[in-house]
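Quick note on labels: first sequence line is chain A, next is B, and so on, each numbered from 1.
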2 protein chains.
Amino acid sequence: MKNLLSVLKISVPEKIFIKDPETSDLGKRIIEHSIILIDEIGFESFTFKKLGSKIGSNESSIYRYFESKHKLLLYLSSWYWAWLEYQLVIETFSISNKQEKLEKAIKVVTRTVKEDNNFSHINETVLYKIIVNESSKSFFTKEVDAENKEGYFEVYKRLVSRLEVMITEVKPNYEYSLSLASTIIEGALHQHFLNEHFPTITSCKKGKTPTNFFIHLVNSNLK
Amino acid sequence: MKNLLSVLKISVPEKIFIKDPETSDLGKRIIEHSIILIDEIGFESFTFKKLGSKIGSNESSIYRYFESKHKLLLYLSSWYWAWLEYQLVIETFSISNKQEKLEKAIKVVTRTVKEDNNFSHINETVLYKIIVNESSKSFFTKEVDAENKEGYFEVYKRLVSRLEVMITEVKPNYEYSLSLASTIIEGALHQHFLNEHFPTITSCKKGKTPTNFFIHLVNSNLK
DNA sequence: CAAATATAATAGTATTACTATCATAATTCG
DNA sequence: CGAATTATGATAGTAATACTATTATATTTG
């Protein structure tokens, strides 16, 4: 994976940023440390001023890359979903058995990101924590519909669609494949959150993972 | 329902408020209009100052009821879950067939709140919209664990537990009943959100409701 | 009717989420 | 190489936010 990604670039919708952070050293430091800082203090308390002082740069310089911290969150989310999509595609590509392929897909989209793949400045393990805890704030806004029209959520929607296709392959006449796909992806994040903060309302603990839960759910559903 | 609730009072954990808004006219107006205003402008743009001018009262007076707008959101969420719990209990109480009872329970917790039951100053239809769009912000914070210890999420967790009990009644040896219960409750909100904002990634449209989806899912799962 | 309590009015504070301007450093290109 | 362009930094400023504090005025209760 490391080798492949050294030639590929995770692609995020262009309208999300003013200047592509991948094109400069400062840009990369913005991304790298925004992930760390948001994880540390939470998205609400996160400001460009604080980030600036963390990376020894200026607030105004960060504004040259992102219009607002909301746009930065959109960037991080899109990046994560694109990265997951990439993994989904390569890890299922060569599997011809439909059932097996779907099972692998569920594994990929529901597993906890624990190891840092660090082919880049982005720490995926920490980014994953942000996705679990903060990413929904990127769409629970009054501007969702306008931003959706601008294509800000394309990557996420494409990932759901890819999973949906695999579900439909296994059970062509199933009426709720899209809802099942979106439930798996969002539900896995939610179960991870519950495991960490509200363990009394999740079965996912001691070896029982969200992956186990969703594979079991899908298997008995599509039989 | 209207009659029963005129003697009952929806009970919200006491630590959430400074002064119980149910005990005064101003308090009730705060709740009534905060729901309308949050729905109108979104939780981010909502302020006590704006609410004050809407209800012809003063910012400082609202602070005597709630420490912060975050606490107000916790109040509204708890109120909603308590109201749902109440409906869950009465609507399933007399059903002795376990399968049928569970199905009714899923209906109650996944249905769209469309009609206003207006036994009180609270418009449940609008409150439901807030739950779909804003309520997750009440737990996606750096203070969740501390607030969880204070009991702020008790009502929500109790609702999940009640559903879990009914699932276990139908299939005692099922390993993931808690995760299934939490997935149904959170997942239904998510599907409602998708239906409104990202219709391309949900099957729930034109007569196909989140209720249909989850009932189908659970039925084929627990068979 | 006095005392207690609730509400309103006003002021003040540190911080936020920016925008604008100007200076300086680094890069590119003829 | 030197000029022009572009990127970054420093500073200042603004309206709004999320409060706290104080004092005044209603309203309720005993």
Side-chain angles (χ1 to χ4, degrees), chain A residues 14-34 37-38 40-76 121 134 137-138 140-143 146-147, chain B residues 14-34 37-38 40-76 121 134 137-138 140-143 146-147:
Chain A
E14 297 220 340
K15 282 189 178 175
I16 290 179
F17 47 76
I18 298 169
K19 183 184 168 175
D20 186 349
E22 285 295 322
T23 62
S24 74
D25 181 68
L26 177 61
K28 284 174 195 160
R29 266 159 50 230
I30 289 171
I31 300 306
E32 179 180 358
H33 289 90
S34 66
L37 190 55
I38 291 172
E40 232 174 83
I41 63 176
F43 187 66
E44 274 66 42
S45 303
F46 171 85
T47 69
F48 281 179
K49 195 169 191 176
K50 288 175 188 168
L51 177 61
S53 73
K54 270 248 168 182
I55 62 176
S57 175
N58 199 275
E59 197 188 359
S60 61
S61 303
I62 302 169
Y63 275 104
R64 294 230 174 66
Y65 287 83
F66 295 101
E67 211 177 291
S68 61
K69 69 174 184 172
H70 173 247
K71 287 282 177 79
L72 173 59
L73 182 61
L74 281 168
Y75 180 91
L76 296 178
H121 49 289
E134 319 281 2
K137 293 166 191 168
S138 72
F140 284 141
T141 68
K142 280 285 158 187
E143 297 79 32
E147 294 185 346
Chain B
E14 297 220 341
K15 282 190 177 173
I16 290 179
F17 47 75
I18 297 169
K19 183 184 168 174
D20 187 349
E22 286 295 321
T23 61
S24 75
D25 181 67
L26 177 62
K28 283 174 196 161
R29 268 159 50 231
I30 288 172
I31 299 306
E32 180 180 358
H33 289 91
S34 66
L37 190 55
I38 291 172
E40 233 174 81
I41 63 176
F43 188 66
E44 273 67 41
S45 303
F46 170 86
T47 69
F48 281 179
K49 195 169 191 175
K50 288 174 188 168
L51 177 61
S53 73
K54 270 250 169 179
I55 61 176
S57 175
N58 200 276
E59 198 190 358
S60 61
S61 303
I62 301 169
Y63 275 105
R64 294 238 169 60
Y65 287 84
F66 295 100
E67 210 176 291
S68 61
K69 67 173 183 171
H70 173 247
K71 287 282 177 79
L72 173 59
L73 183 61
L74 281 169
Y75 180 91
L76 297 178
H121 52 288
E134 319 282 1
K137 293 167 192 167
S138 72
F140 284 140
T141 68
K142 280 284 157 187
E143 297 79 32
E147 295 185 346

Give the rounded distance in Å between these two atoms: [atom1] of [X] and [atom2] of [N].
X: B:Phe17; N: C:dA6; atom1: CZ; atom2: P; answer: 14 Å
X: A:Ile62; N: D:dA10; atom1: CD1; atom2: P; answer: 12 Å
X: B:Leu51; N: C:dT7; atom1: CG; atom2: P; answer: 14 Å

For [X], all residues meeting side chain to side chain contact (heavy atoms under 4.5 Å, CB included), sequence neighbours excluded:
X: B:Lys49; answer: B:Thr47, B:Glu59
X: B:Thr23; answer: B:Lys19, B:Asp20
X: A:Ser45; answer: A:Ile41, A:Lys50
X: A:Ser53; answer: none

Who pairs with [X] by salt bridge (charged side-chain N to carboxylate O under 4.0 Å, His left out), at least two apart in sequence or on another chain?
X: A:Glu44; value: A:Lys137
X: A:Arg29; value: A:Asp25
X: B:Lys54; value: B:Glu40

Scoring nucleotides 12-30 of chain D by protein non-hydrogen atoms under 4.0 Å (B base, S sugar-phosphate only, - none) yields -----SSBBBB--------
With distance as the sole criterion, is a donor-acceptor pair present between the side chains of B:Ser24 and B:Tyr65 under 3.5 Å? yes
When you measure from every atom of DNA chain C, which of residues 19-27 of chain B have a heavy atom less than 4.0 Å away? B:Lys19, B:Ser24, B:Leu26
Give A:Tyr65 one of three labels, base, sugar-phosphate or nothing, depending on what nucleic acid heavy atoms sit under 4.0 Å from its own. sugar-phosphate
